[in-house]
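Just so you know, these numbers come straight off a predicted model, no measurement behind them.
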Amino acid sequence: MMQENKDYAYLPEDLLVQILEKTPETADRLATSIELNNDQATIARIILDVQNLIRTCPEGDFTESLMAADGACVIEHKTSADILLAIAVGVDGLADKDSKTWPVGEKQHQHWQMVLPHHVANSRLAQGIMFLMELSILAGNDRDIRIMDGSHLTSILKLNSLLSANDQDSADQPYVEALSAFLHDNYDKVIPDIPNIIRSAFSDNAVVGLTKYSSSREIIDTVLKDMKIDMDDKVFMSLVLNENEYTRPLPVGQCRKERNMWRNIHIRCNLTIEGIDNESELNPLLEEAITPFKITDDHKSELYFCYYKPKPSAAAYRFEVKRDVALDQDRLEKLFRSIKRQIISPEIREPYPQYLADMIAKNIYFGLEAVNESISHNPSLNTRKNFDLIFPYRTN
């Protein structure tokens, strides 16, 4: 009988066994991370109530004029070049009546595809263009409530990454040409028009940020800072709030970490654009587009956040709204009731239009398959000489 060789692993079996041995410990760590004992919950609740930070949303009117936008991007690294594909879509929420037509002259869906030489900055380009398309769909719509998937902060960071690709990644001329071509083909605009796209979405009170994931601890690190709670605000509010309760909206930047972030947030362009002086022409306009959200010694942010728990079994939602909405209790509660009507099943964790937009955006991989199919049938590419260059650089 052959002796088993213990000097060489049986893969992947031995690796899976090693992983499984650690899983109980991982499960225990997760349980500990969301543990909130009854005494903590009671004390926290009292503190929040005393400071008038918890309110109850009553029954009342709502709107079915509601939509959401989402996007996706993917880069296929071929042996010869990168294929970049980005999409964005907008969908209406559930309503008793059929959806209205999309506003005349505005796009319900957009896509962009490009072939570029291999470059580390290509991911910045694809993500940035995706966010521009999402903001354009939101700004061009006329629904009473327009859900932006994610936070305003994420959009700002991604757009800054798009326009400052010379900082670390040394974006070259094909990068700038691709961005210029996208703006021209889709909006008949140029790079200096980007501040207008940002301002149109960020200044609109109908655009609401709804984050699926958030690490923010603005309430825990201020109001509840002495309680040593080891979780983020969103998880904490999911455990403490009751059905139909929400936290009083507060300007972003309550704790030091968030305050510093909103003091320093910026969008600056350092791309080489023919005929444009970034410092005197483009960057002041970019700064102006996000100035309402920034924090200074004399100015609180005009972007507010709050948490709302629509149902007993649901997690709390983090909302980002503009100041006018935050300070208008009737309008804010109408927003909550309208969102609650779009939550149709425990298995679907987002409001229905946000979920549907996300599902449609995930179909980007079918679009990439279509691109690859076209490439494989191109007579100039499927010759024996070029055949290997049209495949990914590694084996799938």
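No salt bridge links Glu59 with Arg337; every basic N to acidic carboxylate O contact stays at or beyond 4.0 Å. Between Asp297 and Arg263, at least one side-chain N (NZ, or NE/NH1/NH2) sits under 4.0 Å from a carboxylate O, which counts as a salt bridge. By the 4.0 Å N-to-carboxylate-O rule, Asp221 lies too far from Arg256 to be salt-bridged with it. Using a 4.0 Å cut-off between charged nitrogen and carboxylate oxygen, Lys334 and Asp330 do not count as a salt-bridge pair. Using a 4.0 Å cut-off between a side-chain N of Lys or Arg and a carboxylate O of Asp or Glu, Lys212 and Asp149 qualify as a salt bridge. Salt-bridge formation is detected for the pair Glu76/Lys78: a Lys NZ or Arg NE/NH1/NH2 atom is positioned less than 4.0 Å from an Asp or Glu carboxylate oxygen. Taking the charged nitrogens against the carboxylate oxygens, Lys340 and Glu333 have no contact shorter than 4.0 Å, which rules out a salt bridge. A salt bridge links Arg45 with Glu245; the closest basic N to acidic carboxylate O contact falls under 4.0 Å.
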For the pair Thr23 and Thr26, evaluate side chain to side chain donor-acceptor pair (under 3.5 Å) and give the outcome as yes or no after the intermediate values.
CA-CA 5 Å; Thr23 54; Thr26 299; over 6 Å; no
Side chain to side chain donor-acceptor pair (under 3.5 Å) between Asn244 and Thr56, worked out:
CA-CA 6 Å; Asn244 288 327; Thr56 300; over 6 Å; no
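When side chains are defined from C-beta on, His119 does not count as touching Pro117, because their heavy atoms never get closer than 4.5 Å. Side-chain contact between Arg268 and Ser164 is absent, with no heavy-atom pair separated by less than 4.5 Å. Annotation: side chain of Ile47 is not in contact with side chain of Val50 (no heavy-atom distance under 4.5 Å). Leu183 has its side chain within reach of Ile197: a pair of non-hydrogen atoms, C-beta onward, lies under 4.5 Å apart. The shortest distance between side-chain heavy atoms of Trp262 and Ile156 falls below 4.5 Å. A heavy-atom distance below 4.5 Å is found between the side chains of Arg55 and Gln329. Proximity of Glu64 to Arg341: side-chain heavy atoms (C-beta onward) are separated by under 4.5 Å at one or more points. With a 4.5 Å cut-off on side-chain heavy atoms, Glu243 and Pro312 count as touching.
Within the 3.5 Å criterion, the main-chain N or O of Thr79 finds a donor-acceptor partner in the side chain of His118. Listed for the Arg248 side chain is a donor-acceptor partner under 3.5 Å among the backbone atoms of Gln51.
Asp82 and Asn122 share a side-chain donor-acceptor pair at under 3.5 Å. Side chains of Thr211 and Ser214: no donor on one and acceptor on the other come within 3.5 Å. No donor-acceptor contact under 3.5 angstrom links the side chains of Ser215 and Asp232, judged on distance only.
The two residues Arg318 and Lys234 come nearest to each other via the heavy atoms N-CE, 4.2 Å.
Rounded to the nearest 0.5 Å, atoms OG1 (Thr247) and CG (Asp233) are 8.5 Å apart. To the nearest 0.5 angstrom, Leu224 atom CG is 5.0 Å from Ile229 atom CD1. Interatomic distance, NZ of Lys309 versus OG of Ser238, reported as 6.5 Å (0.5 Å rounding). Atom CG of Asn196 is separated from atom CG of Leu285 by 7.5 Å, given to the nearest 0.5 angstrom.
The number of heavy-atom neighbours closer than 6.0 Å to NZ of Lys257, taken from other residues, nucleotides and ligands shown, is 12 or below.
In the hydrophobic clustering (ILVMFWY side chains linked at under 4.5 Å, chained through shared members), Ile348 is joined by Val89, Val91, Leu94, Ile344, Tyr352, Tyr355, Leu356, Met359, Ile360. Using a 4.5 Å cut-off between side-chain heavy atoms of Ile, Leu, Val, Met, Phe, Trp and Tyr, Ile343 falls into a hydrophobic cluster with Leu66, Ile145, Ile147, Val208, Leu210, Tyr246, Tyr304, Tyr308, Tyr317, Phe319, Val321, Val325, Leu327, Leu332, Leu335, Phe336, Ile339.
Residue pairs satisfying the ring-ring contact (aromatic ring centres under 6.0 Å, His included) criterion with at least one member in residues 195-238, sequence neighbours excluded, are listed as follows: His152-Phe202, Phe202-Phe293.
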